Protein chains: 2
Amino acid sequence: MAATKDPRPCSIADALALVGEKYSLLVLREVCLGNGRFDQLVRNIGAPRDILATRLRRLVDAGILTKRAYSERPQRFEYRPTQAGLELEPVLLTLMEWGNRHLRKDDRPMVVEHICGHELVPLVTCQACGDPVQHEDLTPHPQSPGWTVTGPTAA
Amino acid sequence: MAATKDPRPCSIADALALVGEKYSLLVLREVCLGNGRFDQLVRNIGAPRDILATRLRRLVDAGILTKRAYSERPQRFEYRPTQAGLELEPVLLTLMEWGNRHLRKDDRPMVVEHICGHELVPLVTCQACGDPVQHEDLTPHPQSPGWTVTGPTAA
DNA sequence: TATGGTGAGTCTGGATTTCCTACTCACTGG
DNA sequence: CCAGTGAGTAGGAAATCCAGACTCACCATA
């Protein structure tokens with residue numbers, strides 16, 4: 001799914017080029033849960049085995065996962081998130097929160113408990129002021145060319 | 001890309017079924033920037049027109065975008081995010097932040113300014129205690145069957 | 001030592017999507 | 001009348017995806 005042609009220089013597009021393919025984020029979900037073996041991934045994600053193998057290779061190449069043998073003779077492997085992989089977890093959590101809010105009615109299939117003792121409700125905040133991020137409070141500033149807003153509707 | 005077969009009941013998978021297809025999140029990016037016209041989207045995303053038309057239909061059906069005429073005679077339309085769509089913006093921002101950190105060296109192609117006056121660095125926090133979310137602080141609690149961790153590596 | 005089972009994939013051929021280019025249709029502006 | 005714009009459709013080629021079978025190495029057991 002490489003964003004090879006995205007006319008804009010954009011970290012969102014670049015990130016999606018790595019993890020935006022079908023199943024990639026679900027792989028990350030499983031791996032963050034500690035289910036990093038091939039057959040676990042197949043069962044828990046429901047992806048075709050060959051596609052999964054392709055995704056795993058790409059994620060390893062991208063430095064998001066590592067492949068570790070947990071047994072020689074017989075060789076058995078486990079995929080684990082790297083630091084970069086772990087730092088994608090907030091994306092998963094934010095997505096989960098959105099899904100919980102908009103796609104379900106009260107029945108969350110999975111609850112994550114935070115170390116503070118409460119159920120985790122992920123909230124995206126501004127690091128500087130700590131306030132929750134809201135659309136109206138944001139002003140985009142293009143830094144690179146390629147971001148000139150086209151057409152008369154300039155945001 | 002419907003996660004029709006995801007063996008797990010999971011809001012992440014459900015959310016990805018709606019917005020995980022190629023280009024969908026880039027559409028949302030543009031629409032959040034105010035570039036909601038078909039040809040703007042084509043130019044700014046670089047997606048084939050027919051694919052874009054399909055994505056737009058699906059996003060409208062999903063209640064993430066609305067299609068509004070901004071001119072009759074000639075009929076001209078604009079896509080805008082609904083409330084649900086706007087609430088996906090944190091996902092985009094989190095992804096952007098990850099991309100900035102891991103895929104670039106200092107050159108952010110786009111900087112978002114928060115109303116507080118600082119450059120926005122999105123931070124995912126626990127709503128209850130306000131602390132930044134870190135992997136080690138999380139304990140998943142499956143609420144539905146289908147989440148029994150398979151295999152001996154139970155996280 | 002045959003028999004079965006697991007883990008980690010690869011292979012194959014067909015179904016589905018995506019991609020690209022061109023085209024339409026309605027209208028506007030000169 | 002002619003060119004241009006906006007919002008798509010149409011058609012066929014190219015790339016991906018999919019399901020299930022298959023491999024290969026090893027272990028267990030009987």
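What you see is a predicted model, and the numbers here were worked out from it, not measured in a lab. A, B, ... follow the sequence lines: proteins, then strands. Residue 1 opens every chain.
- Regarding A:Tyr23, its OH atom lies at a distance of 15 Å from the P atom of D:dT16, rounded to whole Å.
- Nearest to the side-chain atoms of A:Ile51 among the listed nucleotides D:dC17, C:dT18, C:dA26 stands D:dC17.
- Rounded to the nearest 0.5 angstrom, A:Arg104 CZ and A:Met96 CE are separated by 10.5 Å.
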Using the 3.5 Å cut-off, write out each protein N or O paired with an N or O of nucleotides 9-11 of chain D and the distance between them.
unit_1	atom_1	unit_2	atom_2	d
D:dT9	OP1	B:Arg57	NH1	3.3
D:dG11	O6	B:Asp50	OD2	3.3

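- Both B:Gln75 and A:Leu56 lie near DNA chain C, and the one whose nearest nucleotide falls closer to the 5' end is A:Leu56.
- Considering only the side chain of B:Pro74, C:dC27 comes nearest among C:dC27, C:dG7, D:dA7.
- For B:Phe77, counting side-chain heavy atoms from C-beta on, the closest listed nucleotide (C:dG9, C:dA8, D:dA7) is D:dA7.
- Protein atom CD of A:Glu21 is 21 Å distant from nucleotide atom P of C:dT16, rounded to whole Å.
- Each of C:dA8, D:dA7, D:dC17 was ranked by its minimum atom distance to the side chain of A:Asp39; first place goes to C:dA8.
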For residues 27-34 of chain A, run the donor-acceptor check on the side chains, cut-off 3.5 Å, and write out each pair with its distance to 0.1 Å, sequence neighbours left out.
unit_1	atom_1	unit_2	atom_2	d
A:Arg29	NH1	B:Asp6	OD2	3.3
A:Arg29	NH2	A:Asn44	O	3.3
A:Glu30	OE1	A:Asn44	ND2	3.0
A:Glu30	OE1	B:Arg8	NH1	3.3
A:Glu30	OE2	B:Arg8	NH1	3.0

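- Seen from the ring of A:Phe77, A:Lys67 counts as a face-on cation partner, given the 6.0 Å and 45° thresholds.
- A:Tyr79 has its OH atom 8 Å from the C1' atom of C:dG9, to the nearest Å.
- Whole-Å rounding puts the A:Lys67 NZ to C:dA8 P distance at 9 Å.
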